[in-house]
Structures are given as structure tokens and as C-alpha cells.
Amino acid sequence: VNTGQDVAVRALAGTGKTSTLKMIARRLFKSDPNKRIVYVAFNKSIQEEAQKTMPPNVEARTGDSIAFATLSPGMRAKFADKSVLRRNADVAAFLGIKGDLDMGPGVKPMAPDEQAMRVMRAIEQYAISADDKLGVEHFQGLDPEDAKKLLPYADKAWADLNAEDGRLKLNFSHITKMWALSKPDFTKTTTGLKRKADIIFFDEAQDINPVMAKVIADQKIQKVYVGDSNQAIYAFRGAVDELDHVKVAPDLTLTQSRRF
């Protein structure tokens, strides 16, 4: 890490990956107190624990919290609004989905409420992806020709989600995607961080959504990826093992478990 190179650490269960990150942070703080680290945690509990135990040169955050910090007051009010549209039937009516969708010979037509559900699921798939553009590939389980018929509704729904006066329910996936599309730069505080960062510690890298993986990969500052591929458990939610994708020269392994 002291060389300034990007590093990957493959740490098996009980080998002390979090302790290793703390040790690195303390060493960096001792050698250069002005060097700032952002520790990107997988979830809120990990983030809160890290913030308690990491040295003062570390800002521990979740990806969602960084994205949320960039929201305008209007978008925050929309996020908290309880009157937004949630039911599939209401979403269908709002988007103008009025008739059944012909699915071809021998297949039951798709009712408007199911079309609305498919549209919002496609937006969720798009939101967690690394893709810049919403497309038919985000309609999982649908023939591309059928997806093309629903894509205009998805575009309308995404535009509504981006609008302060929109009527559709806004969630953290949507917010993080909007932030990612803005091409955040961690060397600037306008990106949602409390202070500019010089290094990124990325914990639990085996369970990251592609959208966050791309944000991290696109940063021009030093990155330290830590994780255990054997503990990847969120693939069903679209998570990927970023340790399988990063190409770094120092690719290190921690194998000595302290639990057994």
C-alpha cells in the first residue's frame, strides 16, 4: 500500500482482514496524517463498527450513504413521501399502461399491473448494473421483442424517478444509480464525502453491485480491495465478486485463520 499501487487482498474467514485494514490505516496516519482514506463498507453495521475503531484519517461510509448525501432537498422530501405510488395497478395507470400485452400464440396476455411490475423490476436491474443506458436487457425473463414494447414505459418511469415532483416510489438503488451516472470523483467533496479522499478501502469486495464496482474502478486514486470469494452470498441480488475482475499487481492472500 505504501507504494501507491492498487492492491487486492483475498482474506479467508477469520484471517483478520478488518484488522489488517486498521493496521494499514494506522501506519498511513503515522507516516502522513494528511492522507485521507474512505472506507467503503458493505452495510451499515460494518460501516458503524469501522468508524468507531478506525483512526481519524478514515471516513467510513456505505455506498448508499455517499449517494444519499448528494440529494437535493426536493429529492429528499420525495424519498420520505408516503403518498407516492407503490401498487402495480396505480403505477400502470400513472404510466399509461391500459391494455393487455400480447405475448404470442398460446401464451396468456400480460395484464397492465404485471407490465408495471416488470417495468419497475427492469429499472431495479438497471439501477444495480454498471450500464449507463436503460435497455431491453434489463427486462429479465422477457423476450427482447416483448421488452421493447415495455421499454418506453420504463423510460417514462425512470424520468419520473429523477424528477423532484415525480410520483413513483424512490429507493436507495435508484439514488445510488443517479449518483453513479453523475460520474462522482472521490477527490472532491461534492461527491457526497465529508472530505476529499486519497485512498479507497473497499471491504467485502466479493459482494458488490456492479454499479458501485464501476464507481470505485473509475476513481483515479489508490484502491485497496479486500474480500473473501468463499463468502459471496448476494449474487441473487445482482452482486458480483469484484476480486475476480480487478487486475492489480499486488494480489495478496491471507490464509492463516485465527478462529480455529
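What you see below is based on every heavy atom in this structure, not just the backbone, and it leaves out hydrogens, waters and symmetry mates.
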Does the side chain of Lys22 pick up a donor-acceptor pair with the side chain of Thr53 at under 3.5 Å? yes
Decide whether a cation-pi geometry holds between Lys169 and Phe79; the criteria are a distance under 6.0 Å from NZ or CZ to the six-membered ring centre and an angle within 45° of the ring axis. yes
Quick one: does Arg118's side chain have a donor or acceptor within less than 3.5 Å of a partner on Gln140's backbone? yes
Testing the basics here: between Ala217 and Tyr225, what is the closest heavy-atom pair and its distance to 0.1 Å? CA-OH, 4.0 Å
Taking atom types as modelled, is there a side-chain donor on Glu124 or Asn171 under 3.5 Å from an acceptor on the other? yes
Check whether any side-chain heavy atom of Asn88 lies under 4.5 Å from a side-chain heavy atom of Glu114, and answer yes or no. no
Using a 3.5 Å distance criterion without hydrogens, assess whether the side chain of Asp81 forms a donor-acceptor pair with backbone atoms of Ser83. yes
Just so I know, are the side chains of Phe201 and Ile24 near enough to count as touching, which here means a heavy-atom distance under 4.5 Å? yes
Within a strict 4.5 Å, meaning less than it, do heavy atoms of the Ser182 and Thr70 side chains meet? no
Are the side chains of Asp131 and Glu137 in touch, meaning some heavy atoms are under 4.5 Å apart? yes
Is there a donor-acceptor contact under 3.5 Å linking the side chains of Asp64 and Thr62? no
Taking the side chain as C-beta and beyond, is there a heavy-atom pair between Leu134 and Leu151 under 4.5 Å? yes
Test log, rule salt bridge (Lys or Arg N to Asp or Glu O under 4.0 Å), inputs Lys214 and Asp218: CA-CA 6 Å; Lys214 186 175 188 301; Asp218 287 348; 2.9 Å; yes
Is there a path of hydrophobic side-chain contacts, each under 4.5 Å between heavy atoms of I, L, V, M, F, W or Y residues, that connects Met54 with Val226? yes
Taking the side chain as every heavy atom from C-beta outward, state whether Pro109 and Leu101 have any pair of such atoms under 4.5 Å apart. no
Any side-chain donor near an acceptor of the partner, Glu164 and Ser72, under 3.5 Å: yes
For Arg167, is the CZ atom crowded, meaning more than 12 foreign heavy atoms sit under 6.0 Å from it? yes
Mind checking whether Lys44 and Glu48 have side chains closer than 4.5 Å, heavy atoms only? yes
Is there a side-chain contact between Val224 and Phe202, using heavy atoms and a 4.5 Å cut-off? no
